[in-house]
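Remarks on the structure that follows.
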2 protein chains.
Amino acid sequence: MPAPISGNAAEPSLDTGLSATPAFSPLYQQIKGLILQRLQAGEWKPGELIPSEIELAARFRVSQGTVRKAVDELAGENLLVRRQGKGTFVATHTEQHVRYRFLKLVPDDGDLIREGPAQRAFLECKRTRASAEIARALGLRSGDAVMQVRRVLSFAADGGAQTPTILEDLWLPGGPFKGLTAERMAGFRGPTYALFETEFGVRMVRAEEKIRAVLPDADQAGILQVAPATPLLSVERVAYTYNDTPMELRRGLYRTDTHHYRNDLS
Amino acid sequence: MPAPISGNAAEPSLDTGLSATPAFSPLYQQIKGLILQRLQAGEWKPGELIPSEIELAARFRVSQGTVRKAVDELAGENLLVRRQGKGTFVATHTEQHVRYRFLKLVPDDGDLIREGPAQRAFLECKRTRASAEIARALGLRSGDAVMQVRRVLSFAADGGAQTPTILEDLWLPGGPFKGLTAERMAGFRGPTYALFETEFGVRMVRAEEKIRAVLPDADQAGILQVAPATPLLSVERVAYTYNDTPMELRRGLYRTDTHHYRNDLS
DNA sequence: GAGTGGTCTAGACCACGCG
DNA sequence: GCGTGGTCTAGACCACTCA
């Protein structure tokens, strides 16, 4: 139980060699950092209950209000989930009441009902070596081992027939994802990121997407059952775990004839 | 200076006819509502300094901490901007150090420098009547007066030549935007939403976008100087002012050969 | 130095979930 | 009824801005 600072009021934390700016950091930020460390270290695992504010306050030798502000920020970043009367939990993709937290493609008719969590078909799951481009995105070196997955998501149209709507290629660093197979992915109930959490201990925290309009090649058009001249959304995503470490590169092709990519700006 | 509640602790606010649930609302939420009212009423205008926390606390008969929490939330929603040592200001699109807060199209080479705030050409600005579709999006009735604007944004390519990249059609309710002309828009320095603020008193607070991949018609292809078979991003935006009132419908076509739509997920 | 927002504390009470 | 997070208060001190 490290006492993060000495006095009562905040002080410039550790002195970094060149102290151009004293780099004042509020106490609650330091507490936030300490909590983050424990999350990264896997001390508190996704879905688990973390110590109560009062206990954390005692442990860190600060007031409950200071812990509260640290936890507030972490909850705002979707790393923790507060539940009044129960406690504070490590956020998870498993039972996140919003399934598909990162999937912004929604049916045109505002039906959020999501007719069954989409049908997934895994076309490929192989171990390969990272190209320069893939390596750069994942923070690896060219030639490093990576897992490559290709899958198709189909959504039920009006009649109930499944329409292939998303074609995705995933690249994952070979180390953490050793042992990933199409069978394991196909057999898993729930979001892919939930599988990554429970089976590989990798929790995706945030992601960046680059979106373009493109035409599919013959292969892609065939898989998505569209004419070659059909414009599609190209969605390139890099997903990060704790500490801004990239852990997934994903290239998706979205049909937008019955769905659209929805984004809220503020 | 209305005292929002009677006692010391929070109480269920006004009793709504059917009191199925007492609808408990924290004090700071009520304060937030009161501040919002004043913002909507234009009592504090964009860019202006609002009263200090201490004065607001006195005015509302609550503690500074309660005002602080209300202001914190409003700042989080980009309605207010806090500046330490100076005060709290009403947010504005004018000098928002991030120009183009709602424009997510960025050059492929991560250069955020934004080579000159884009060159704008206004092709049209006319008063028309709302179609059923436009009316629905803007919360009007079919046939109501609307302003319709068509413009092209061009960005400098490597050499320095301007490349037409965005073709946008805007629809605005005729009432608030009476007197809008292409000349006024062309002559205005700064973001369009800043013009709306200073010239028409309409402040855009948030927006929703629906994105698809499409092919341009002959007209559109000509304006954007692309082949007819070039896939483009279709970005349909509804922008809202206070109180979730829609005030703009915007349909954009984005070229994505040198730029991409960037989105951060968390 | 005065005024503003920012941090930190300590204590009280409330709403919620659960046994 | 207990423990949790949620709200509210009052007061102290710190960091920043500007005259």
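Chain letters run A, B, ... following the sequence lines, proteins first, then strands; residues in each count from 1.
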Report task. Ignoring hydrogens and angles, tell me if any N or O in the side chain of B:R184 forms a donor-acceptor pair with the backbone of B:G179 under 3.5 Å. Result -> yes
Query - Side-chain donor or acceptor of A:T245 paired with backbone N/O of A:T241 under 3.5 Å - result: no
Between [atom2] on [N] and [atom1] on [X], what's the gap in Å once rounded to a whole number?
{"X": "B:E73", "N": "C:dG5", "atom1": "CD", "atom2": "P", "value": "18 Å"}
{"X": "A:L80", "N": "D:dG6", "atom1": "CG", "atom2": "C1'", "value": "16 Å"}
{"X": "A:D72", "N": "C:dT7", "atom1": "CG", "atom2": "P", "value": "13 Å"}
{"X": "B:Q64", "N": "D:dA10", "atom1": "CD", "atom2": "C1'", "value": "10 Å"}
{"X": "B:F24", "N": "D:dC8", "atom1": "CZ", "atom2": "P", "value": "6 Å"}
{"X": "A:I54", "N": "C:dG11", "atom1": "CD1", "atom2": "P", "value": "12 Å"}
{"X": "A:L27", "N": "D:dA12", "atom1": "CG", "atom2": "C1'", "value": "15 Å"}
{"X": "A:I31", "N": "C:dC8", "atom1": "CD1", "atom2": "C1'", "value": "11 Å"}

Report task. Please list, chain by chain and in numerical order, all residues satisfying ring-ring contact (aromatic ring centres under 6.0 Å, His included) with A:F89, sequence neighbours excluded. Result -> none
Query raised in the report: Which residues pass the ring-ring contact (aromatic ring centres under 6.0 Å, His included) test with B:Y193, sequence neighbours left out?
Result: B:H93, B:F102, B:F196
Would you indicate, yes or no, if [N] has its OP1 or OP2 atom less than 4.0 angstrom from a side-chain nitrogen or oxygen of [X]?
{"X": "A:K69", "N": "C:dC8", "answer": "no"}
{"X": "A:S52", "N": "D:dG3", "answer": "no"}
{"X": "A:T66", "N": "C:dT9", "answer": "yes"}
{"X": "A:T88", "N": "D:dG5", "answer": "yes"}

Distances under 3.5 Å only, N/O to N/O: pair up the protein atoms with those of nucleotides 17-19 of chain C.
from   : atom 1 : to    : atom 2 : distance (Å)
C:dC18 : OP1    : A:K86 : NZ     : 3.3

Report summary line: A:Q40 meets the side chain to side chain contact (heavy atoms under 4.5 Å, CB included) criterion, sequence neighbours left out, with A:L36, A:Y242, A:N243
Query raised in the report: If you check the B:R68 side chain, which of C:dC8, D:dT7, C:dG6 turns out closest?
Result: C:dG6
Query raised in the report: Taking only residues two or more places apart in sequence or in another chain, which ones pass side-chain hydrogen bond (donor to acceptor under 3.5 Å, both in side chains) with A:R136?
Result: none
Could you pull out all donor-acceptor pairs under 3.5 Å where a side-chain atom in residues 64-72 of chain A meets a protein atom, sequence neighbours excluded?
from  : atom 1 : to    : atom 2 : distance (Å)
A:Q64 : NE2    : A:E53 : OE1    : 3.0
A:T66 : OG1    : A:S63 : OG     : 3.4
A:R68 : NH2    : A:E53 : OE1    : 2.9
A:R68 : NH2    : A:E53 : OE2    : 3.4
A:D72 : OD1    : A:R82 : NH1    : 2.4

Query - Position toward the 5' end of DNA chain C (nearest nucleotide), A:Q29 or B:I50 - result: B:I50
